[in-house]
Structures are given as C-alpha cells and as structure tokens.
Amino acid sequence: MGTMTTTASATTLLLARFQFAMVVFFHFLFVPMSIGLGLFVAIAETKYYRSGDPKDAALTKFLAKVFTATFLIGVATGITMEFSFGTNWANYARFVGDIFGAPLAAEALFAFFLESVFLGIVLFGRKKVGRGVYLLSTWLVWIGSVLSALWIIIADSWMQTPAGYDISTTANGAVKATITNFWAAAFNPSTLPRYLHTVDALLILGSFIIMAIGAYYLIKGKKPGSKHAQMAEGDQIFFGRKLLKVGCIVGIITVVLMLPLGDIQSKEVIANQPTKMDAMEGHFTDGPLGVSLIGAGNENASLQLPSFLSSILTGAGAAKSYPGLDTLNKGTVDLSQYKSSGITYTNGVEPTKGQQPSAANGNQTIPAQQPSSNYNNNGSANAATQAGISSSSSANATPSDSLNAGFTYQVYHLMILMWVLMILWLIFALVVLNRKKSFEGGKVKKYLLIFGPLLPFIAIQTGWMTAEVGRQPWVVYNQMLTSQGVSQSVNEIQLVITIILFVIFYVILFIAWLRVTTRLIKKGPQLESAEELAIIGGKKGRAAQAAAAAAAQSAKAGE
Amino acid sequence: MDLLQLLWYALETLVIGAYFVLDGFDLGSGVLYPFIAKGEQEKSIVRRTIGPIWDGNEVWLLTAGGALFAAFAPAYATTFSGFYLAIMLVLLSLIIRAVSVEYASVDPKWHTMWHAFFFVGSLLPALLFGVAVGCVVGGVPLNAAGDYTGIPLFGLINPFSLCCGLLSLAVMICQGCAWLALKTPKDCPVQARAAKAHPIMIIISVVLFILTGLLYFVAVNHVASVNPALNTHGFAGLCQWVFVILIVVGAVVALIATLAKARVWAFLGTSLVPLALAGLLGATLFPNFVISTVDTATNTISLASAAAGDGTLAAMTVIACIGVPLVLIYHIIAYRIFRGRQVAENVNPGTQA
C-alpha cells in the first residue's frame, strides 16, 4: 500500500486548485446560459411549427444565434474540463478512474454527439431538412445539453456521496476505488437532488436572460428612429413583449419549483455530508441545527430563523440534535448514523493511510477510525476570522487541508439571497407585462430586468462554490483528501504559466462573446424574405406550403 | 489479460483512429486556411465546409479521453499530467479554434484575430498530437508511481517524437486537401489549389512515414529489445504488418485518385491513412500505453497495470454498445444532409449564423 508519495507543496496544491476553480468558473458561466437558452430555441421553433408565422421563424433563428455564440464557448472550455482531471489531479484520476471515467465517456457518447450534430442542422440545415426534422433537431440539441448535465452531475455527486464501490489495491500496490454496483454509483444519494436543483437553476438563468432581452426591446421600441433600430419599431415591441412573457412564465415556474428542490437538496446534505451542512449554517457545537438568515459564519453571531421553522427545513431529527463541526473535527461522533443506504464509508482516510496529507501539514495524518475533517476552525467563538477566504491563522491547519467554513457559509447565504431577489424581479416583469401598452413607462423596472440575469448567475456560481468548497478537505468525501489527489509531475512554474495563458485567452473570449451577443441582440430577430421562407418550408408537408403561402401574403401586404 | 481488457484496448485504438480521421481533415483545413484561401469570400467557404460537422468530429476526442479515463485511468493520469504544458497548449488551441470557426463570420471587426486563431488553433494540435504519440512510443522517464520525471515540455522533444509530430501534421494537411478538393465549389480557386497540393502532400507524408519508421528502429527499438515485456506479441506483430500495408494502400489509392480527379476516392484513400496509423500505434505499443525509459520493466504503464476492473469495463461495454450505434446514426444523418459541394451562393459573410 501507498506507493504514492505526496510531495507536492502547499503552493502547488493551491495553484492547482485555483486553476481548476478558474477554469470551471469560466466554463460554468457559459454552459448554464446555453442549457437555459436551448429550451427557448426549441419553444420558439415549436411555436413556428404550429403557427407558420414568419415572425416566429425569425425568433428561432435569432435565439439560435445567441445560443450558438454562447454554446461554442461552453463546448470549447469544456474540453479543458475533461482533461483537467488528468492534468491537474493525476493521483485523483488513478484513484477514481474506474468510477469517474465512465460517466465522462457516457456524456460524450449520449449527450455531446447529440448536441453537436443536431446543432449543425439547426444552424446550417434550415433549407436542407423538412420542418419536422428541423423542429426535432432544436429539441434534440436541448435534450442533449440536459443529458450532458446529468452525466457530469453523476460524476460530481459521486465525489460528494460515494456509493456502489469498493477500495482495492492493484497488483503494483496502488490504491483505487473499484465499482461494485454501477447503478448505486451512478444514482448515489446526492445525484438526483443535485441534478434537479442544478437543471432548475439553469432554466431560471435562461428565463432571466430571455426576460432581459425582452425588456431591452421594450425600451428600444420606445425610441423612434434609433440608429440601432434595424427592426421595425412595431417588431421590437412585439418581440419584446413576447420574450418577456415567455421568460416570465418559465421564470415563475422554475423559481417556485426551486423551493421544494432546494429543500430536498439541503436535506440530502444534512443526511450525508454533516461537515458541509455545519459549514453552511455555521454550526460548530452539538445541538439543534438552526437555519440562519444572515451572520458572520457562526450560529452565535447570526440571525436565526425561529426554531419551529428551522425544524421544518432541517427535518425533525436534525432540529433535535446535530453534531457540530467542533465535534466532527475531534472525530467523536459515529458518522455511520449519517450514511444513506448505499454509502459504504470506510473509516476516515483509511484507503490512503500512511501518506502525509501534505508536506506542509507534516504534523499529522488524519487518524483512521476518525471520519474527521481538518477544517479551518479558529475556535467557534472567533467567528470573524472564519469569514475570510482561507484565513488560516491556526498553526496546525494548512489552507490546503481545511474546510473554510466561513466562506461556505457566506456563499451559501448569498445564493439564497439571490433567490429572494429573483422573486422581486419576477414581480417587476409581471407589472411591466400587465400594462396594456407595455412599451410605456416602467423604465426603471425594465432597466433592472436587463440586469436581472446577474441574480441567477451569482446564485449558480455561489451554489457551486457551496457544493465544492463545502466538500473540502476531501476531493472524494471521506475517502481522499484534496492534497492527495494532485498531480505530482506538475510544478508551480507550469501552473503559473498556464494560469496566465488561460486568463489572457479567457478574457479575450469573454470580450468577444460580449461584443458578438450584444451585436446580435441589438440587431434583433430578422424577418426572412418571402422567397427565403418558401425555400425554408421545404417540399414536405402541407404546413410548409401554408407557411410559404402565408409568407407570400404577408409580403404582398407589405407592398 | 482478459478479453474485456483486450476489447477495450482495441476500442480505445479505434476511437483514437476515428478522431484522427474525422477531426484530421478539419484540422488540416485549418492549417491550409491562410495559404489556400485568399480574401474573405474564400476563407468563408473553407470555414463553411466544416461548419456543420467539426463540432461532432471533435467530440471523438472527448470520447477518447473519457474512455481512456474510464478504462485505463493510470495511462490517462500519466500522459495528461506528464505532458502538462503540451496538453494545455493543445487545449487552448482547440478552444480558440472552436470559437474562431463561428466568430469569424459573426464578428468581422476582429477577423484578423479569428483567422490567426483558426490557423494556430489547428496547427498546434495537428503537430502536438503526433509529438505525444512519439513520446508514448519512444518512451519517457516515469517513476514507480507512474509520474513523469523528465523536463517539462522540452523533455518531450527528440528526433523521433518531432518526426511523429511532423508526420501527423503532414497527414492532416493531406486530409484537409482531400476534403477541400471534395467540398469547395468547382469554380472556386480553393478547389484548384487543394487539388494541386494534395499529391505533393501525399509524397511528403510518405517520406516522413519512412523517416519515422527508420528512426523507430534506430533510436527507439532498443528499448524493446532490452525488455522482454515489450517483445512484440505474435498477433500484434502481424497486425503491425497489416496496418503498414493499409497505410501504403491508402496512400497509393489517394495518389492515383487525386491525379484522376476522383475526389471521393481521394478522400477515402487519404482517410484510410490516419486510421491505419492509429492501428499501427496500437499494435506497436501493445500491450502497453506509456513506455518508461527508466526501469522499463516495472514502470511502464501496461494493459495489466492500467486496466480498470471488470465491473467498470463491463458497464463501459454496455454503454458503448448502446452509444456507438447512436453516434454512427447521428454522423450518417449529418453527413447525408450536408453532402455535396458547398454551394457558392450560400456564401455571404456577415449574415450567416
């Protein structure tokens, strides 16, 4: 056992984590947008398929362009993600390869091919396929993107709540996790709660973007003769209202749905990841698990929800008594009571024992038999120091092998605050829509709606940080420390070089994306000429002919 | 070494081959891009020939990566962490390339940058994939844990790996020539230039292939001879010969067809070459993934030391049995819909998607 020796310094580990976090952050700006927007492309095309209205066709084409500009950056940066497990986390890859690799391969086979091939048809095939095939393609692109989210969340959830596996030693002495039950591993206790929670969040983002575009056209529509008005003025108001309405409907559904989905997710964390839940709520000492509204990362220094409400949100058991981080750190609680069916905890870091978690943390290995985490605890009374990012003033905890409870607390609460604000924004949208002439007045609300996507953006990023920072110091919960997973053949210099390169190119890409999408949005949906539409209709189906006829009529009417 | 492990070794080789065949021609088109297409109109034609399909082609790389991670995690971990800077250059290249393919048309203001991104983003992967192959075949220093212990990036460059890199670049340019000759409009100057460059590139590729082979026997083969574990397996040895013959057949068919202006045959013949090269790679390495130049017998990442457990391989086999036919159907649909030459009237820079 233990042919791996951990020699990477704390700096290497921090740089490797920083680079990975940065790459995920950037990737996860674009993927949620494209999954969210993909639904609206399909909805718009469905509308067109039924109505044959050229305006609806224009809307599909417009949304597909915005979608593609976004999707591409998601695809491109996603390639980095798949290979980052090997580049930055080689020991982790060796340990989990048997389990973690399969979902990635499945993601490519079942989701990425679907997305990419049918996106080609959506973008270039309008005139080459029948209307039915085209409609199907728009839905398949979206289904593909939602499926890709499933596979990657399966993989990530296994790191949170590992299940369906065994720890074995290979012939050459390396320790690795091997699969014992594929379905138990894939649908581990946190997969479904996390998947539904995430997909709903992405749809919220999509709907807020659609609302923002709609609000923008309603503002633009008011200014006759605006130099950007390449659309007719009436069209701007038409599209503005339409987008705001569709976005608002989907937004209301998904934001309301988030309440039960968020609740299921938090109960799952209570049951399976006590250290994470403690960090999220600043729960340091044993006792009832409260729900704090705002605070400094510690129960004692925060405003708490009344206990009867807390017990609804946390469940009766946790409301009665829940072990605090201090207790968990000392390893005096038997965590077995928190394992859901299917989880087979081995004790502590037993599978990799004999290693120093980190060279800089040489004073201790986390003792086997103690499912503890060496979290960043500077004493529960001293909450202020916990709130800072990796503010490790305690001597025996390195930033690399610690759980930053204060940071987890704050990002988690920021996410919830964003959800509350989203409800407010939906009310703005309803007020604007409720006016008979929605292009008049409500200017402040419309401008606020334009910046509305920032709310779900922040919620998605902080939610992700809660999930992954709260998992620390483990890379695989209770199985492998993050410091044990890092690549040994990658040094600080290589990491710094690549971090600089990524920053440069990602900034360029971000600016380019911003320019291209604002240009597309300013230009707006463009009506096709009647003759173009006749070709688009294709030779198949009566509907196509009807569309062509309608187009010809509308063209005549235009003359 | 059981049947599942052999199956996945073969499948991994096949997926890598599929990637080289499919993404090879669009990477090659990207390398040719600044030389073969003059002016926005012609550049746009080149981009549009690969527009609907490059993304699907690139997913084969993700499939190869995912399958390697799942089935042979230690090989995945060693290569990607060991070849760190080279891999990161490839990834950055693929990122800027992917974005430039589409953004060059919707963002004409920055067109110079997008053209440069498309070229560099195609050139570096085409070259570095070959260098990486040269490294795993030629061997790199690994420690007992399987971690690369040589000099970052520059330690990977030696005459053999460099020659492999040039070979992969030349073959992909060949594929790009064949593709553009097949897909661009007949009256477009790009078509004539691609058709003219194709036979020359075939000859350059063949020369590089022979040179790579010679270097292998001179500079690399000694590694095999000192280590009994690396002695050519009987069946693998036979496969090596079959693949060498297929490479020759592909090159000859491509050469004759391109001179006879049989564009489809020229493309198919050219495509056979990277597929057979991937097969030759698998047969030459078998039963290993990454050869260690230090303590070769123990530190080499082999099929036995890298293969995932049977449970994983069985699950992966089921996934592949369902997934691969679906993927083939998608590809057939896409290539059928976008069959035929690019129509010149479609080209209208600035207004397309």
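Chain A is the first sequence line, chain B the second, and so forth, proteins listed ahead of strands; every chain is numbered from 1.
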Participant: Rounded to the nearest 0.5 Å, what's the gap from CG on B:Asp310 to CD1 on A:Ile179? Could you check?
Facilitator: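 Between atom CG of B:Asp310 and atom CD1 of A:Ile179 there are 12.0 Å.
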Participant: Parallel, tilted or perpendicular: which describes the rings of A:Phe124 and B:Phe338, with under 30° parallel and over 60° perpendicular?
Facilitator: perpendicular
Participant: Is chain B contacted by the side chain of A:Ala185, its backbone, both, or neither, given a heavy-atom distance below 4.5 Å?
Facilitator: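 Neither the backbone nor the side chain of A:Ala185 comes within 4.5 Å of chain B.
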Participant: Would you mind telling me which of A:Phe100, A:Phe85, A:Phe113, A:Phe110 has the largest number of heavy-atom pairs within less than 4.5 Å of chain B?
Facilitator: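 Heavy-atom pairs under 4.5 Å are most numerous for A:Phe113.
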Participant: For a quick test of reading the model, state the closest non-hydrogen atom pair linking B:Ala320 to A:Leu109 and the distance between them.
Facilitator: CA-CD1, 4.2 Å
Participant: Heavy atoms only, distances under 4.5 angstrom: which of B:Ser81, B:Ala308, B:Gly146 has the most pairs with chain A? Name it, please.
Facilitator: B:Ser81
Participant: If I measure from the heavy atoms of chain A, does B:Leu313 come under 4.5 Å with its side chain, its backbone, both, or neither?
Facilitator: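 For B:Leu313, no heavy atom lies under 4.5 Å from chain A.
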Participant: What residue in B:Leu326, B:Leu92, B:Leu94 has the most heavy-atom pairs under 4.5 Å with chain A?
Facilitator: B:Leu92
Participant: Checking A:Phe182 against chain B: side chain, backbone, both or neither under 4.5 Å from a heavy atom?
Facilitator: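 Interface part for A:Phe182: side chain.
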Participant: With a 4.5 angstrom heavy-atom cut-off, is it the side chain or the backbone of B:Thr149 that approaches chain A, or both, or neither?
Facilitator: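 It is neither, since no heavy atom gets under 4.5 Å.
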Participant: So what's closer than 4.5 Å to chain B heavy atoms on A:Thr80: side chain, backbone, both or neither?
Facilitator: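 Both backbone and side chain of A:Thr80 come within 4.5 Å of chain B.
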Participant: Would you compute the distance between atom OH of B:Tyr76 and atom CD of A:Glu82 and round it to the nearest 0.5 angstrom?
Facilitator: 6.0 Å
Participant: If you compare all heavy atoms of A:Phe83 against all heavy atoms of B:Leu61, which two are closest, and at what distance to 0.1 Å?
Facilitator: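 Taking A:Phe83 first and B:Leu61 second, the nearest heavy atoms are CZ-O, 3.8 Å.
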Participant: By a 4.5 Å heavy-atom criterion (distance strictly below it), what part of A:Trp89 contacts chain B: side chain, backbone, both, or neither?
Facilitator: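 Contact with chain B is absent: no heavy atom of A:Trp89 under 4.5 Å.
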Participant: Please identify, among A:Leu104, A:Thr178, A:Leu72, A:Asp98, the residue contributing the most non-hydrogen atom pairs under 4.5 Å to chain B.
Facilitator: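 Answer, by heavy-atom pair count under 4.5 Å with chain B: A:Asp98.
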Participant: Please report the shortest heavy-atom distance between B:Met316 and A:Ala105, naming the atom on each side.
Facilitator: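 Minimum heavy-atom contact is CE-CB, 4.0 Å.
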Participant: For A:Ile493, is it the side chain, the backbone, both or neither that has a heavy atom under 4.5 Å from a heavy atom of chain B?
Facilitator: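 Contact with chain B: none, neither part.
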Participant: Shorter than 4.5 Å, heavy atoms on both sides: which option in B:Pro74, B:Ala75, B:Pro152 has the most such pairs with chain A?
Facilitator: B:Pro152
Participant: Checking A:Ile79 against B:Ile95 for the side-chain contact (heavy atoms from CB on, under 4.5 Å) test, could you report, in this order, the C-alpha distance in whole Å, the side-chain angles of both residues, the deciding distance, and whether it holds?
Facilitator: CA-CA 8 Å; A:Ile79 304 173; B:Ile95 288 173; 5.6 Å; no
Participant: Report which part of A:Phe112 has an atom under 4.5 Å of a heavy atom belonging to chain B: side chain, backbone, both, or neither.
Facilitator: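 A:Phe112 touches chain B through backbone and side-chain heavy atoms alike.
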Participant: Do B:Asn143 and A:Gln488 come close enough that some side-chain heavy atom pair is under 4.5 Å?
Facilitator: no
Participant: Go through it in stages, so that I can follow the logic: the residues are B:Trp110 and A:Val516, the test is side-chain contact (heavy atoms from CB on, under 4.5 Å), and I'd like the CA-CA distance, side-chain angles, deciding distance and then a yes or no.
Facilitator: CA-CA 10 Å; B:Trp110 285 12; A:Val516 166; over 6 Å; no
Participant: Show the numbers, then the answer: is there a side-chain contact (heavy atoms from CB on, under 4.5 Å) between B:Val106 and A:Lys65?
Facilitator: CA-CA 9 Å; B:Val106 289; A:Lys65 277 183 186 174; 5.8 Å; no
Participant: Would you sort out whether A:Gln19 and B:Met88 count as a side-chain contact (heavy atoms from CB on, under 4.5 Å), showing the intermediate values?
Facilitator: CA-CA 12 Å; A:Gln19 192 207 59; B:Met88 286 301 180; 3.9 Å; yes
Participant: What option among B:Thr78, B:Val59, B:Leu85 has the most heavy-atom pairs under 4.5 Å with chain A?
Facilitator: B:Val59
Participant: To the nearest 0.5 Å, how far apart are OH in B:Tyr84 and OG1 in A:Thr87?
Facilitator: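 That separation rounds to 5.0 Å.
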Participant: Heavy-atom distance under 4.5 Å to chain A: side chain of B:Trp114, backbone, both or neither?
Facilitator: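 Contact with chain A involves the side chain of B:Trp114 alone.
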Participant: Side chain, backbone, both or neither: which part of B:Ile53 has a non-hydrogen atom closer than 4.5 Å to chain A?
Facilitator: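 For B:Ile53, there is no contact with chain A at all, as no heavy atom is under 4.5 Å.
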Participant: Please look at A:Leu509 and chain B and tell me whether the side chain, the backbone, both or neither of the residue comes under 4.5 angstrom of a heavy atom of that chain.
Facilitator: side chain
Participant: What part of A:Phe71 is in contact with chain B, defined as an atom under 4.5 angstrom from a non-hydrogen atom: side chain, backbone, both or neither?
Facilitator: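 Only the side chain of A:Phe71 comes within 4.5 Å of chain B.
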Participant: Can you tell me which portion of B:Ile87 sits under 4.5 Å from chain A's heavy atoms? Options are side chain, backbone, both or neither.
Facilitator: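 Contact with chain A is through the side chain of B:Ile87 alone.
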Participant: Is the ring pair A:Phe505/B:Phe117 parallel, tilted or perpendicular, if the boundaries are 30 and 60 degrees?
Facilitator: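 Plane angle between 30° and 60°, so tilted.
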Participant: Which one of B:Phe83, B:Trp60, B:Trp54 has the most heavy-atom pairs closer than 4.5 Å to chain A?
Facilitator: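 Going by pairs under 4.5 Å, I would pick B:Trp60.
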Participant: Do B:Tyr330 and A:Phe118 have ring centroids that are under 6.0 Å from one another?
Facilitator: yes
Participant: Pick one of side chain, backbone, both or neither for B:Ala307, based on which atoms fall under 4.5 Å of a heavy atom in chain A.
Facilitator: backbone
Participant: With a 4.5 Å heavy-atom cut-off, do B:Ile333 and A:Ile121 have their side chains touching?
Facilitator: yes
Participant: As an exercise: rank B:Leu62, B:Asn57, B:Asp55 by heavy-atom pairs under 4.5 Å with chain A and give me the winner.
Facilitator: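 Highest number of heavy-atom pairs under 4.5 Å: B:Leu62.
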Participant: Please give me the minimum heavy-atom distance between B:Ala77 and A:Arg94, naming the atom from each residue.
Facilitator: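 Looking at all heavy atoms of both residues, the closest pair is CB-CG, 3.6 Å.
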Participant: Heavy-atom distances under 4.5 Å only: say whether B:Leu68 touches chain A with side chain, backbone, both or neither.
Facilitator: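 B:Leu68 has no heavy atom closer than 4.5 Å to chain A.
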Participant: Ignoring hydrogens and angles, tell me if any N or O in the side chain of B:Tyr148 forms a donor-acceptor pair with the backbone of A:Ser489 under 3.5 Å.
Facilitator: no
Participant: Quick one: closest heavy-atom pair of A:Lys176 and B:Gly309, and the distance?
Facilitator: NZ-N, 3.9 Å
Participant: If you take all heavy atoms of B:Ala98 and A:Ala76, which pair is closest and at what distance?
Facilitator: CB-CB, 3.9 Å
Participant: Go through the atoms of A:Ile508 and report whether side chain, backbone, both or neither lie under 4.5 Å from a heavy atom of chain B.
Facilitator: both
Participant: For the interface with chain B, which of A:Ser84, A:Ala64, A:Gly86, A:Gly125 has the highest count of heavy-atom pairs at distances below 4.5 Å?
Facilitator: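 Max contact count across the listed options: A:Gly86.
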